[in-house]
Amino acid sequence: GTRRADLGLDHIERPDLTAQGLFDRGEWDRVHVIDRMHLQSVSTSAQQLANRDLELDAYYRHVFQLVWGNEAGYAVIPKHPGSWHGWTYQQIVDVVNQLQAPASLALGVVSDEGALVIGLLGEVSDGSFRKVTTFESLPFDRLEVSVTQEFLDRLWSHLATTDYPPATVLLCTESIFDRWVNEPDKARTISEAIDSGTAVLRLRDEPPFIW
């Protein structure tokens, strides 16, 4: 980024007040004020031998908590919302831990014109995602993917023959996917989409769906 010499920041006594003042100028969507000593402390903590057993996602989550968890060392305005569009890391961990492993999760998003936009497959065992692939790994042509019960049945039947039987399959249109991500009442969004034929969903008995 460009170095700014016109901000009058010779000394920062209160990082939170400095961040708020800069944000109030209206030039930035978010302002971060980071203490270099805090970053050094984060680096030292993150590289402890005990963290070498963490899987990659858990390690980055740990680093995230170290960085954001000290307001004196890292002030940010607006503050972190604590979730991503209503979903939290812990919610996902809880759902994965409750899956009857091994299991696969599938998400297919089709544009309103009928083209495949997103096709993701996640393979889960022992409480962790072991592999994430795309619908290109399936024995179906992209043009065959549709938001229909027929295609859901074909996809479910195929996954049932693999080492990772299906736990959840969601197929929906792109507009429904966008609403599902952004709107707070996610369960209602999917339920209404199922009723209108713009989404189909199948769950195995055990796992809760990540609303």
Side-chain angles (χ1 to χ4, degrees), residues 55 57-58 60-61 64 78-211:
E55 295 185 353
D57 63 331
Y60 280 122
R61 173 64 177 173
F64 171 87
K79 294 185 179 298
H80 190 278
S83 68
W84 185 80
H85 295 292
W87 283 298
T88 67
Y89 178 86
Q90 191 59 51
Q91 283 177 322
I92 296 173
V93 169
D94 290 343
V95 168
V96 171
N97 284 336
Q98 292 178 60
L99 290 174
Q100 180 182 340
S104 61
L105 308 173
L107 169 66
V109 179
V110 176
S111 72
D112 296 340
E113 291 73 37
L116 180 65
V117 177
I118 300 172
L120 290 177
L121 297 170
E123 297 178 352
V124 177
S125 64
D126 299 324
S128 297
F129 279 89
R130 300 301 176 183
K131 184 179 180 181
V132 177
T133 59
T134 67
F135 276 23
E136 275 68 20
S137 64
L138 296 171
F140 308 122
D141 188 279
R142 291 175 61 93
L143 298 177
E144 298 180 72
V145 181
S146 61
V147 184
T148 61
Q149 190 64 48
E150 178 186 9
F151 182 76
L152 186 149
D153 290 342
R154 292 176 61 194
L155 177 55
W156 190 276
S157 296
H158 168 73
L159 294 175
T161 67
T162 70
D163 293 333
Y164 291 85
T168 302
V169 173
L170 171 65
L171 306 172
C172 65
T173 63
E174 188 174 14
S175 57
I176 291 300
F177 178 75
D178 290 341
R179 283 181 54 200
W180 184 46
V181 168
N182 291 290
E183 293 187 3
D185 194 342
K186 301 181 186 303
R188 180 178 179 180
T189 296
I190 295 299
S191 296
E192 291 179 348
I194 292 172
D195 292 340
S196 68
T198 50
V200 288
L201 171 69
R202 182 174 298 175
L203 308 174
R204 201 162 67 183
D205 291 337
E206 296 82 4
F209 186 49
I210 305 175
W211 293 116

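Within 6.0 Å of CZ in F64 there are more than 12 heavy atoms belonging to other residues, nucleotides or ligands. Other residues, nucleotides and ligands contribute over 12 non-hydrogen atoms within 6.0 Å of the CG atom of D141.
S157 places no side-chain N or O within donor-acceptor distance of the main-chain N or O of R154, the cut-off being under 3.5 Å. Side-chain N or O atoms of K186 include one that pairs as donor or acceptor with a backbone N or O of V181 at under 3.5 Å. In this structure, the side chain of S111 does not engage the main chain of E174 through any donor-acceptor pair within 3.5 Å.
R204 has its side chain within reach of P165: a pair of non-hydrogen atoms, C-beta onward, lies under 4.5 Å apart. Contact check for L152 versus V147: no side-chain heavy atoms found under the 4.5 Å cut-off. Between F177 and V117 the shortest side-chain heavy-atom distance does not fall below 4.5 Å. Counting heavy atoms from C-beta on, the side chains of P139 and H158 come closer than 4.5 Å. Residues Y164 and L159 form no side-chain contact, since every pair of their non-hydrogen atoms from C-beta on lies 4.5 Å or further apart. The closest side-chain heavy-atom distance from S175 to T198 is not below 4.5 Å.
Separation of atoms CG (L116) and CG (L171) is listed at 9.5 Å; rounding is to 0.5 Å. The CD1 atom of I92 sits 10.0 Å away from atom CZ of R61, with the distance rounded to the nearest 0.5 Å. With values rounded to the nearest 0.5 angstrom, S104 atom OG is found 10.5 Å from F129 atom CZ. To the nearest 0.5 angstrom, R202 atom CZ is 12.5 Å from L170 atom CG. In this structure, T134 OG1 and R142 CZ are separated by 8.0 Å, a value rounded to the nearest 0.5 Å. E144 CD to L155 CG: the interatomic distance, rounded to the nearest 0.5 Å, is 11.5 Å.
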For this session: Could you please spell out the steps behind the side-chain hydrogen bond (donor to acceptor under 3.5 Å, both in side chains) verdict for T148 and E150?
Result: CA-CA 5 Å; T148 61; E150 178 186 9; 5.0 Å; no
Exercise. Passes side chain to side chain contact (heavy atoms under 4.5 Å, CB included), L107 versus T168? Steps please.
Worked result: CA-CA 8 Å; L107 169 66; T168 302; over 6 Å; no
For this session: Go through C172 and V109 one step at a time and tell me if the side chain to side chain contact (heavy atoms under 4.5 Å, CB included) criterion holds.
Result: CA-CA 5 Å; C172 65; V109 179; 4.2 Å; yes
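Of all heavy-atom pairs between V96 and S128, the closest is CG1-N, 3.9 Å. In terms of heavy atoms, A167 sits closest to L105 at CB-CD2, 3.9 Å. The two atoms that bring T133 and K131 nearest to each other are CG2-CE, 3.3 Å, heavy atoms only. Between W156 and L203, the shortest heavy-atom distance links the atoms CH2-C, 3.9 Å. Of all non-hydrogen atoms in A106 and L121, the two that sit nearest each other are CB-CD2, 3.5 Å.
At a cut-off of 3.5 Å, with distance as the only test, no side-chain donor of Q98 or D94 sits close to an acceptor on the other residue.
The distance between the ring centers of F140 and F151 falls below 6.0 angstrom.
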